[in-house]
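Some notes on the structure that comes next.
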Amino acid sequence: MSTLSAVNANASTNVDFLPLQGTDYVEFYVGNAKQAAHFYKTAFGFQSLAYAGPETGVKDRASYAVRQEKLTFVFTTPLRAGNAIADHIAKHGDGVKMLALRVDDATSAWEETTKRGAKSYMEPVRTNDEHGEVVMSGIHTYGDTVHLFIERKNYTGAFMPGYKPWNSLYNPAPTGLLYVDHCVGNVGWNQMNPWVKFYEDVMGFRNILSFDDNDISTEYSALMSKVMSNGNGFVKFPINEPAEGKKKSQVEEYLDFYDGEGCQHVALATNNIVETVTDLRSRGVEFLIVPTSYYDELQDRVGKIDEDIEPLKELGILVDRDDEGYLLQIFTKPVEDRPTLFFEIIQRKGAKSFGKGNFKALFEAIEREQELRGNL
Ligand code: FE2
(Lines give C-alpha, C1' and ligand atoms only; values in the text may rest on other atoms or scores of the structure.)
Protein backbone atom coordinates (compact mmCIF):
# COMPACT_ATOMS: atom_id res chain seq x y z
CA MET A 1 0.00 0.00 0.00
CA SER A 2 2.73 2.43 0.92
CA THR A 3 4.58 1.52 -2.29
CA LEU A 4 1.53 2.25 -4.34
CA SER A 5 0.98 5.67 -2.80
CA ALA A 6 4.66 6.47 -3.34
CA VAL A 7 4.27 5.62 -7.03
CA ASN A 8 1.16 7.76 -7.24
CA ALA A 9 2.89 10.63 -5.52
CA ASN A 10 5.72 10.39 -8.05
CA ALA A 11 3.34 10.25 -10.98
CA SER A 12 1.49 13.32 -9.75
CA THR A 13 4.71 15.36 -9.46
CA ASN A 14 5.34 14.75 -13.17
CA VAL A 15 2.00 16.21 -14.18
CA ASP A 16 2.09 19.92 -14.97
CA PHE A 17 -0.02 21.17 -12.07
CA LEU A 18 -0.04 24.71 -13.50
CA PRO A 19 -0.65 24.48 -17.26
CA LEU A 20 -0.17 27.98 -18.72
CA GLN A 21 -1.31 29.11 -22.16
CA GLY A 22 0.95 32.18 -22.14
CA THR A 23 0.84 35.78 -20.98
CA ASP A 24 -2.70 37.12 -20.85
CA TYR A 25 -1.80 40.74 -20.17
CA VAL A 26 0.67 43.01 -18.37
CA GLU A 27 -0.87 45.64 -16.10
CA PHE A 28 1.03 48.76 -15.16
CA TYR A 29 0.16 51.03 -12.24
CA VAL A 30 0.86 54.54 -13.51
CA GLY A 31 0.38 58.14 -12.43
CA ASN A 32 -1.78 59.04 -15.43
CA ALA A 33 -3.29 56.10 -17.30
CA LYS A 34 -4.96 58.23 -19.97
CA GLN A 35 -1.60 59.67 -21.03
CA ALA A 36 0.30 56.39 -20.63
CA ALA A 37 -2.16 54.61 -22.94
CA HIS A 38 -1.70 57.40 -25.48
CA PHE A 39 2.08 56.97 -25.31
CA TYR A 40 1.91 53.20 -25.93
CA LYS A 41 -0.42 53.78 -28.88
CA THR A 42 1.69 56.57 -30.34
CA ALA A 43 5.17 55.23 -29.66
CA PHE A 44 4.68 51.44 -29.73
CA GLY A 45 1.71 51.07 -32.08
CA PHE A 46 -0.88 49.58 -29.70
CA GLN A 47 -4.60 49.92 -30.46
CA SER A 48 -7.35 51.00 -28.09
CA LEU A 49 -9.15 47.95 -26.73
CA ALA A 50 -11.20 48.57 -23.59
CA TYR A 51 -11.76 51.03 -20.77
CA ALA A 52 -12.92 50.71 -17.16
CA GLY A 53 -13.64 53.61 -14.82
CA PRO A 54 -16.44 55.57 -13.18
CA GLU A 55 -18.45 55.47 -16.43
CA THR A 56 -18.42 51.66 -16.34
CA GLY A 57 -19.17 51.35 -12.64
CA VAL A 58 -15.56 51.19 -11.37
CA LYS A 59 -15.42 54.06 -8.90
CA ASP A 60 -11.86 54.11 -7.57
CA ARG A 61 -9.69 53.86 -10.67
CA ALA A 62 -9.43 54.21 -14.43
CA SER A 63 -7.93 51.42 -16.57
CA TYR A 64 -7.12 51.51 -20.27
CA ALA A 65 -6.42 48.24 -22.12
CA VAL A 66 -4.49 48.42 -25.39
CA ARG A 67 -3.58 45.60 -27.74
CA GLN A 68 -1.19 44.71 -30.54
CA GLU A 69 -1.48 41.15 -31.89
CA LYS A 70 -1.17 38.88 -28.81
CA LEU A 71 0.18 41.68 -26.62
CA THR A 72 -2.24 43.28 -24.18
CA PHE A 73 -1.16 46.06 -21.84
CA VAL A 74 -3.40 47.63 -19.19
CA PHE A 75 -2.66 51.02 -17.62
CA THR A 76 -4.36 51.70 -14.30
CA THR A 77 -4.40 54.86 -12.23
CA PRO A 78 -6.19 55.61 -8.95
CA LEU A 79 -8.70 58.45 -8.83
CA ARG A 80 -7.80 59.44 -5.26
CA ALA A 81 -4.96 59.17 -2.77
CA GLY A 82 -4.84 56.80 0.17
CA ASN A 83 -5.27 53.38 -1.43
CA ALA A 84 -3.07 50.48 -2.53
CA ILE A 85 -2.69 51.68 -6.13
CA ALA A 86 -1.77 55.24 -5.13
CA ASP A 87 0.69 53.92 -2.54
CA HIS A 88 2.24 51.59 -5.14
CA ILE A 89 2.84 54.51 -7.50
CA ALA A 90 4.17 56.80 -4.74
CA LYS A 91 6.71 54.13 -3.77
CA HIS A 92 7.69 52.62 -7.10
CA GLY A 93 6.78 55.19 -9.73
CA ASP A 94 5.14 53.81 -12.85
CA GLY A 95 5.79 50.09 -13.12
CA VAL A 96 4.52 46.59 -13.74
CA LYS A 97 2.02 45.40 -11.12
CA MET A 98 0.43 42.33 -12.71
CA LEU A 99 1.98 39.68 -14.91
CA ALA A 100 -1.30 37.98 -15.81
CA LEU A 101 -1.13 34.42 -17.10
CA ARG A 102 -3.78 32.67 -19.20
CA VAL A 103 -5.04 29.43 -17.69
CA ASP A 104 -7.80 26.97 -18.40
CA ASP A 105 -8.81 26.84 -14.73
CA ALA A 106 -8.06 29.83 -12.48
CA THR A 107 -9.47 28.08 -9.42
CA SER A 108 -7.14 25.09 -9.80
CA ALA A 109 -4.18 27.44 -10.53
CA TRP A 110 -4.81 29.27 -7.26
CA GLU A 111 -5.32 26.08 -5.25
CA GLU A 112 -2.25 24.32 -6.67
CA THR A 113 0.07 27.29 -6.10
CA THR A 114 -1.21 28.37 -2.69
CA LYS A 115 -1.03 24.81 -1.34
CA ARG A 116 2.63 24.79 -2.44
CA GLY A 117 3.35 27.95 -0.46
CA ALA A 118 2.30 30.89 -2.65
CA LYS A 119 0.88 33.87 -0.77
CA SER A 120 -2.61 34.58 -2.05
CA TYR A 121 -3.28 37.96 -3.64
CA MET A 122 -6.83 37.20 -4.74
CA GLU A 123 -8.99 34.13 -4.18
CA PRO A 124 -10.78 32.93 -7.33
CA VAL A 125 -13.39 35.50 -8.32
CA ARG A 126 -16.05 35.02 -11.01
CA THR A 127 -17.15 38.11 -12.92
CA ASN A 128 -19.90 38.19 -15.52
CA ASP A 129 -21.45 40.44 -18.10
CA GLU A 130 -23.55 39.87 -21.21
CA HIS A 131 -20.48 38.42 -22.99
CA GLY A 132 -19.89 35.61 -20.52
CA GLU A 133 -17.67 34.90 -17.56
CA VAL A 134 -14.05 35.50 -16.56
CA VAL A 135 -12.56 33.77 -13.53
CA MET A 136 -9.46 35.32 -12.04
CA SER A 137 -7.24 34.60 -9.04
CA GLY A 138 -3.77 35.75 -8.04
CA ILE A 139 -0.62 35.13 -6.03
CA HIS A 140 2.20 37.39 -4.92
CA THR A 141 5.67 37.11 -6.44
CA TYR A 142 8.83 39.24 -5.95
CA GLY A 143 8.40 42.73 -4.48
CA ASP A 144 4.88 44.05 -4.87
CA THR A 145 4.44 42.21 -8.18
CA VAL A 146 1.52 39.82 -8.68
CA HIS A 147 0.75 36.88 -10.95
CA LEU A 148 -2.90 36.82 -11.88
CA PHE A 149 -4.43 33.65 -13.33
CA ILE A 150 -7.02 34.52 -15.98
CA GLU A 151 -9.60 31.99 -17.19
CA ARG A 152 -11.51 33.46 -20.12
CA LYS A 153 -12.61 30.41 -22.12
CA ASN A 154 -16.27 31.35 -21.52
CA TYR A 155 -15.86 35.02 -22.41
CA THR A 156 -16.34 36.74 -25.77
CA GLY A 157 -16.24 40.44 -24.79
CA ALA A 158 -13.54 43.01 -25.66
CA PHE A 159 -11.45 42.43 -22.54
CA MET A 160 -13.24 41.47 -19.33
CA PRO A 161 -16.32 42.31 -17.28
CA GLY A 162 -16.13 45.84 -15.86
CA TYR A 163 -14.63 47.12 -19.12
CA LYS A 164 -16.41 48.51 -22.14
CA PRO A 165 -14.93 48.56 -25.65
CA TRP A 166 -12.77 51.65 -26.19
CA ASN A 167 -13.35 53.03 -29.65
CA SER A 168 -10.91 55.81 -30.42
CA LEU A 169 -10.64 58.18 -33.36
CA TYR A 170 -6.87 57.84 -33.03
CA ASN A 171 -5.62 54.50 -34.35
CA PRO A 172 -1.91 54.67 -35.23
CA ALA A 173 -0.44 51.85 -37.32
CA PRO A 174 1.03 48.84 -35.48
CA THR A 175 4.82 48.41 -35.30
CA GLY A 176 5.02 44.63 -35.76
CA LEU A 177 5.12 43.70 -32.07
CA LEU A 178 3.57 40.27 -31.56
CA TYR A 179 3.68 38.78 -28.06
CA VAL A 180 5.57 38.74 -24.76
CA ASP A 181 8.77 36.70 -25.17
CA HIS A 182 9.86 36.96 -21.51
CA CYS A 183 9.58 39.20 -18.43
CA VAL A 184 12.62 39.79 -16.23
CA GLY A 185 12.48 40.36 -12.48
CA ASN A 186 15.15 42.19 -10.49
CA VAL A 187 15.48 40.87 -6.93
CA GLY A 188 17.69 41.87 -4.00
CA TRP A 189 21.09 40.62 -2.88
CA ASN A 190 21.08 36.82 -2.31
CA GLN A 191 17.44 36.62 -3.38
CA MET A 192 17.85 35.03 -6.82
CA ASN A 193 18.00 31.44 -5.57
CA PRO A 194 15.03 31.77 -3.17
CA TRP A 195 12.95 33.11 -6.09
CA VAL A 196 14.23 30.35 -8.39
CA LYS A 197 13.01 27.90 -5.75
CA PHE A 198 9.65 29.73 -5.59
CA TYR A 199 9.13 29.30 -9.33
CA GLU A 200 10.23 25.65 -9.12
CA ASP A 201 8.22 24.64 -6.05
CA VAL A 202 5.18 26.87 -6.29
CA MET A 203 4.68 27.15 -10.05
CA GLY A 204 6.45 24.02 -11.37
CA PHE A 205 8.89 25.99 -13.54
CA ARG A 206 12.38 24.77 -14.48
CA ASN A 207 15.68 26.65 -14.44
CA ILE A 208 16.71 26.47 -18.12
CA LEU A 209 19.74 28.80 -18.13
CA SER A 210 22.06 30.39 -15.59
CA PHE A 211 24.52 33.25 -15.85
CA ASP A 212 26.95 34.05 -13.09
CA ASP A 213 28.94 37.18 -12.53
CA ASN A 214 31.75 35.84 -14.74
CA ASP A 215 29.34 35.81 -17.69
CA ILE A 216 27.77 39.14 -16.87
CA SER A 217 30.34 41.54 -15.63
CA THR A 218 32.10 44.51 -17.05
CA GLU A 219 34.91 46.49 -15.52
CA TYR A 220 32.50 48.03 -13.05
CA SER A 221 29.20 46.36 -12.52
CA ALA A 222 27.91 42.82 -12.42
CA LEU A 223 24.76 40.79 -12.09
CA MET A 224 23.69 37.17 -11.89
CA SER A 225 20.67 35.72 -13.66
CA LYS A 226 18.70 32.47 -13.86
CA VAL A 227 16.01 31.88 -16.46
CA MET A 228 12.86 30.11 -15.25
CA SER A 229 10.48 28.52 -17.78
CA ASN A 230 7.14 26.79 -17.47
CA GLY A 231 6.63 23.32 -18.97
CA ASN A 232 5.61 24.32 -22.50
CA GLY A 233 8.08 27.24 -22.64
CA PHE A 234 5.36 29.84 -23.30
CA VAL A 235 6.18 31.70 -20.08
CA LYS A 236 9.77 32.60 -19.22
CA PHE A 237 10.87 34.64 -16.23
CA PRO A 238 14.59 35.40 -15.91
CA ILE A 239 15.49 36.49 -12.37
CA ASN A 240 18.40 38.90 -11.86
CA GLU A 241 20.24 39.80 -8.69
CA PRO A 242 23.08 42.30 -8.34
CA ALA A 243 26.66 41.07 -8.00
CA GLU A 244 29.70 42.77 -6.52
CA GLY A 245 31.67 44.92 -8.93
CA LYS A 246 33.91 47.94 -8.67
CA LYS A 247 30.86 50.17 -8.88
CA LYS A 248 27.12 49.92 -8.54
CA SER A 249 25.35 47.10 -10.40
CA GLN A 250 22.59 48.14 -12.80
CA VAL A 251 20.29 45.85 -10.79
CA GLU A 252 21.13 47.78 -7.63
CA GLU A 253 20.36 51.06 -9.37
CA TYR A 254 16.96 49.62 -10.29
CA LEU A 255 16.31 48.40 -6.73
CA ASP A 256 17.21 51.86 -5.37
CA PHE A 257 14.93 53.77 -7.70
CA TYR A 258 12.05 51.28 -7.76
CA ASP A 259 12.42 51.11 -3.98
CA GLY A 260 12.38 47.33 -4.03
CA GLU A 261 12.17 44.29 -6.24
CA GLY A 262 10.17 44.44 -9.45
CA CYS A 263 9.91 43.83 -13.16
CA GLN A 264 13.02 45.14 -14.97
CA HIS A 265 12.06 44.55 -18.57
CA VAL A 266 9.44 42.99 -20.76
CA ALA A 267 10.72 41.49 -24.02
CA LEU A 268 8.42 41.96 -27.00
CA ALA A 269 8.75 39.68 -30.02
CA THR A 270 8.72 40.79 -33.65
CA ASN A 271 9.18 38.93 -36.94
CA ASN A 272 11.10 41.82 -38.51
CA ILE A 273 13.27 43.66 -36.03
CA VAL A 274 14.75 46.06 -38.58
CA GLU A 275 11.31 47.32 -39.65
CA THR A 276 9.96 47.36 -36.09
CA VAL A 277 12.91 49.27 -34.63
CA THR A 278 13.02 51.72 -37.56
CA ASP A 279 9.35 52.44 -36.91
CA LEU A 280 9.71 52.69 -33.12
CA ARG A 281 12.66 55.08 -33.49
CA SER A 282 10.70 57.31 -35.86
CA ARG A 283 7.96 57.46 -33.21
CA GLY A 284 10.42 58.63 -30.55
CA VAL A 285 11.29 55.40 -28.72
CA GLU A 286 14.86 55.72 -27.43
CA PHE A 287 17.23 52.76 -27.52
CA LEU A 288 20.54 51.89 -25.91
CA ILE A 289 23.23 52.16 -28.53
CA VAL A 290 26.43 50.11 -28.56
CA PRO A 291 29.63 51.48 -30.15
CA THR A 292 29.89 50.78 -33.89
CA SER A 293 33.02 48.71 -33.13
CA TYR A 294 30.57 46.01 -31.93
CA TYR A 295 29.82 45.33 -35.60
CA ASP A 296 33.47 44.92 -36.65
CA GLU A 297 33.66 41.38 -35.26
CA LEU A 298 29.98 40.52 -35.53
CA GLN A 299 30.22 38.20 -38.51
CA ASP A 300 33.20 36.35 -36.99
CA ARG A 301 31.27 35.84 -33.78
CA VAL A 302 27.84 34.83 -35.10
CA GLY A 303 28.58 33.55 -38.62
CA LYS A 304 26.24 34.01 -41.52
CA ILE A 305 22.90 35.65 -40.84
CA ASP A 306 20.00 36.54 -43.17
CA GLU A 307 20.10 40.26 -42.39
CA ASP A 308 22.45 42.88 -43.85
CA ILE A 309 24.84 44.15 -41.20
CA GLU A 310 24.53 47.81 -42.21
CA PRO A 311 20.92 48.42 -41.05
CA LEU A 312 21.65 46.51 -37.83
CA LYS A 313 24.60 48.81 -37.25
CA GLU A 314 22.58 51.93 -38.02
CA LEU A 315 19.86 50.92 -35.58
CA GLY A 316 22.15 49.40 -32.92
CA ILE A 317 20.54 45.94 -33.11
CA LEU A 318 22.54 43.19 -31.38
CA VAL A 319 22.98 39.60 -32.60
CA ASP A 320 23.84 36.42 -30.74
CA ARG A 321 23.98 32.76 -31.67
CA ASP A 322 23.43 29.55 -29.72
CA ASP A 323 23.29 25.86 -30.69
CA GLU A 324 19.82 26.18 -32.17
CA GLY A 325 20.07 29.36 -34.20
CA TYR A 326 20.48 33.07 -33.64
CA LEU A 327 18.55 36.00 -32.24
CA LEU A 328 18.45 39.76 -32.80
CA GLN A 329 17.69 42.09 -29.91
CA ILE A 330 17.77 45.70 -28.77
CA PHE A 331 16.86 47.42 -25.52
CA THR A 332 15.04 50.70 -24.98
CA LYS A 333 16.14 53.24 -22.45
CA PRO A 334 13.92 53.27 -19.34
CA VAL A 335 10.42 54.42 -20.31
CA GLU A 336 9.93 56.47 -17.15
CA ASP A 337 12.07 59.16 -15.53
CA ARG A 338 13.13 56.73 -12.83
CA PRO A 339 15.79 54.35 -14.26
CA THR A 340 13.52 51.34 -13.79
CA LEU A 341 11.37 49.54 -16.40
CA PHE A 342 12.50 49.23 -20.01
CA PHE A 343 11.60 47.05 -23.00
CA GLU A 344 13.53 44.62 -25.15
CA ILE A 345 12.62 44.04 -28.78
CA ILE A 346 13.59 40.53 -29.86
CA GLN A 347 13.48 38.49 -33.04
CA ARG A 348 14.32 34.82 -32.65
CA LYS A 349 15.67 32.84 -35.56
CA GLY A 350 15.90 29.46 -33.90
CA ALA A 351 17.82 30.58 -30.82
CA LYS A 352 16.09 29.92 -27.51
CA SER A 353 18.67 31.75 -25.38
CA PHE A 354 18.86 35.36 -24.20
CA GLY A 355 21.85 37.01 -25.86
CA LYS A 356 24.67 36.10 -23.50
CA GLY A 357 27.24 37.12 -26.13
CA ASN A 358 25.83 40.65 -26.02
CA PHE A 359 25.92 41.15 -22.29
CA LYS A 360 29.28 42.85 -22.16
CA ALA A 361 28.62 45.36 -24.96
CA LEU A 362 25.14 45.95 -23.63
CA PHE A 363 26.09 46.48 -20.02
CA GLU A 364 28.81 48.88 -21.02
CA ALA A 365 26.11 50.85 -22.83
CA ILE A 366 23.91 50.72 -19.71
CA GLU A 367 26.83 51.89 -17.57
CA ARG A 368 27.36 54.91 -19.81
CA GLU A 369 23.74 55.83 -19.10
CA GLN A 370 24.15 55.13 -15.36
CA GLU A 371 27.19 57.35 -15.34
CA LEU A 372 25.21 60.19 -16.97
CA ARG A 373 22.64 59.83 -14.17
CA GLY A 374 25.43 59.90 -11.55
CA ASN A 375 24.51 56.41 -10.34
CA LEU A 376 27.56 54.35 -11.23
FE1 FE2 B 1 15.63 40.01 -21.94
Side-chain angles (χ1 to χ4, degrees), residues 22-23 26 44 71 73 95-96 99 141-142 145 177-187 192 195-196 199 205 207-213 215-218 221-230 233-243 249-251 253-255 258 261-271 273 276-277 280 285-290 294 302 315-322 324-335 339-367 369:
T23 303
V26 180
F44 285 88
L71 272 172
F73 284 178
V96 171
L99 294 167
T141 179
Y142 49 76
T145 317
L177 298 172
L178 301 173
Y179 57 86
V180 171
D181 186 275
H182 59 275
C183 296
V184 179
N186 277 346
V187 300
M192 178 178 67
W195 283 109
V196 163
Y199 280 105
F205 281 38
N207 175 209
I208 56 167
L209 276 173
S210 299
F211 310 102
D212 63 20
D213 45 349
D215 295 319
I216 315 183
S217 71
T218 61
S221 75
L223 66 82
M224 296 188 285
S225 189
K226 287 188 176 175
V227 181
M228 305 308 294
S229 173
N230 81 316
F234 290 175
V235 178
K236 292 186 283 293
F237 294 139
I239 307 290
N240 294 336
E241 81 168 47
S249 166
Q250 53 171 291
V251 178
E253 187 198 34
Y254 175 99
L255 296 169
Y258 198 68
E261 300 178 342
C263 178
Q264 179 210 38
H265 74 266
V266 180
L268 310 175
T270 170
N271 281 338
I273 197 167
T276 294
V277 172
L280 292 172
V285 177
E286 296 178 320
F287 291 94
L288 285 174
I289 298 298
V290 296
Y294 170 90
V302 300
L315 296 167
I317 292 165
L318 310 174
V319 190
D320 197 27
R321 185 177 282 281
D322 64 22
E324 294 170 277
Y326 68 97
L327 62 84
L328 305 111
Q329 63 185 169
I330 190 168
F331 296 83
T332 71
K333 293 184 181 182
V335 289
T340 52
L341 176 75
F342 59 87
F343 291 96
E344 172 179 353
I345 312 299
I346 184 166
Q347 181 179 7
R348 294 187 180 277
K349 295 200 134 178
K352 295 204 177 76
S353 53
F354 293 82
K356 177 178 161 183
N358 291 323
F359 287 167
K360 189 169 162 50
L362 187 65
F363 294 164
E364 284 170 356
I366 291 174
E367 280 170 17
E369 299 284 320

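Since this is a predicted model, take the numbers as computed values, not measurements. In each ligand, atom 1 is the first atom listed, and ligand 1 is the first ligand listed. Note that these values count all heavy atoms, side chains included, but never hydrogens, waters or copies made by symmetry. Residues: numbered from 1 along the sequence shown.
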Practice problem: For D320 and K356, run salt bridge (charged side-chain N to carboxylate O under 4.0 Å, His left out): C-alpha distance rounded to whole Å, both residues' side-chain angles, the deciding distance at 0.1 Å, then the answer. | Solution: CA-CA 7 Å; D320 197 27; K356 177 178 161 183; over 6 Å; no
Self-check item: Test side-chain contact (heavy atoms from CB on, under 4.5 Å) applied to L255 and E261, step by step
Solution: CA-CA 6 Å; L255 296 169; E261 300 178 342; 4.2 Å; yes
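Counting heavy atoms from C-beta on, the side chains of L327 and V319 never come closer than 4.5 Å.
Two rings, from F205 and F237, have their centers less than 6.0 Å apart.
A donor-acceptor pair is defined here as one N or O able to donate and one able to accept, closer than 3.5 Å; such a pair exists between the side chain of S249 and the backbone of A222.
Heavy-atom neighbours of K352 NZ from other residues, nucleotides or ligands within 6.0 Å: at or below the threshold of 12.
Within the protein, the N, O or S atoms lying under 2.8 Å from the Fe ion (ligand 1) are H182 NE2, H265 NE2, E344 OE1.
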